[in-house]
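These numbers come from the heavy atoms of this one structure, side chains and all, not from hydrogens, waters or symmetry mates.
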Amino acid sequence: QEQLVQSGGGLVQAGGSLRLSCAASGRPFSAYAMGWFRQASGKEREFVAAIVWKGGTTRYADSVKGRFTVSRDNTDNTVFLQMNSVVAEDTAVYYCGGLRTPTPDFGLEYAPAYDYWGQGTQVTVSL
């Protein structure tokens with residue numbers, strides 16, 4: 001069974017940067033894609049970014065395009081979310097998720113399609 005362990009997060013000033021990590025383990029590790037989602041207090045979980053494991057195709061929510069970058073390290077099955085120029089609206093609990101197989105009907109942005117999740121990490125942007 002796959003497991004995702006998240007690290008990073010914390011308090012950052014508006015305009016600053018932060019990097020989140022998501023390390024996958026367990027046997028067998030199986031992922032078509034890895035995604036980042038976030039959930040602000042009182043709101044639904046929303047898509048942030050995703051990366052297809054083979055080939056590295058990426059996708060971003062409009063709200064983070066040009067500010068956030070998703071990347072992966074194949075050698076140790078880790079996915080990163082580099083967050084730059086953060087704003088107050090980025091405050092949320094961030095989750096990484098793993099998608100074992102493609103879901104053409106839903107795409108990478110559909111959280112319920114993901115098969116396993118990390119524990120979540122809080123990101124708080126201060127003004």
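A donor-acceptor pair under 3.5 Å links the side-chain atoms of Gln6 to the main chain of Cys96, judged by distance alone. At distances below 3.5 Å, at least one donor-acceptor pair connects side-chain atoms of Tyr60 with backbone N or O atoms of Val70. No donor-acceptor distance shorter than 3.5 angstrom exists from the side chain of Ser63 to the backbone of Ala61, with no hydrogens or angles considered. Looking at Arg72, its side chain does come within 3.5 Å of a backbone N or O of Trp53 through a donor-acceptor pair.
For the pair Arg38 and Val64, the minimum side-chain heavy-atom distance is below 4.5 Å. No side-chain heavy atom of Val87 sits less than 4.5 Å from a side-chain heavy atom of Val125. Residues Ile51 and Trp36 form no side-chain contact, since every pair of their non-hydrogen atoms from C-beta on lies 4.5 Å or further apart. Under the 4.5 Å side-chain criterion, counting only non-hydrogen atoms from C-beta, Cys22 is in contact with Met34. In this structure the side chain of Leu108 reaches within 4.5 angstrom of the side chain of Val52, judged on heavy atoms. Contact of the Met83 side chain with the Leu20 side chain is registered, since non-hydrogen atoms from C-beta on lie closer than 4.5 Å.
When all heavy atoms are compared, the tightest approach of Tyr114 to Ala50 is OH-CB, 4.0 Å. When every heavy atom of Leu99 is checked against every heavy atom of Ala113, the shortest pair comes out as CD1-O, 3.1 Å. In plain terms, the two heavy atoms of Thr91 and Gln122 that are nearest each other are CG2-NE2, 4.0 Å. Listed here is the closest heavy atom pair of Gln39 and Glu44: CG-C, 4.0 Å. Heavy atoms only, all atoms of each residue included: Ser17 and Asn84 are closest at OG-OD1, 2.9 Å. The shortest non-hydrogen separation linking Arg67 to Val86 is NH1-CA, 3.7 Å.
With Phe37 as the aromatic partner, Arg45 does not meet the cation-pi criteria of under 6.0 angstrom to the ring centre and within 45 degrees of the ring axis.
Ring pair Phe106/Tyr110 is parallel by interplanar angle, where below 30° counts as parallel and above 60° as perpendicular. Ring geometry for Phe68 against Tyr94 counts as tilted: the plane angle lies between 30° and 60°, on a 0 to 90° scale.
Interatomic distance, OG1 of Thr121 versus CG of Leu81, reported as 11.0 Å (0.5 Å rounding). To the nearest 0.5 Å, the span separating CG on Leu4 from OG1 on Thr78 amounts to 10.0 Å.
Residue Val48 is grouped with residue Tyr116 when hydrophobic side chains (ILVMFWY) are merged at heavy-atom distances under 4.5 angstrom, including chains of intermediate members.
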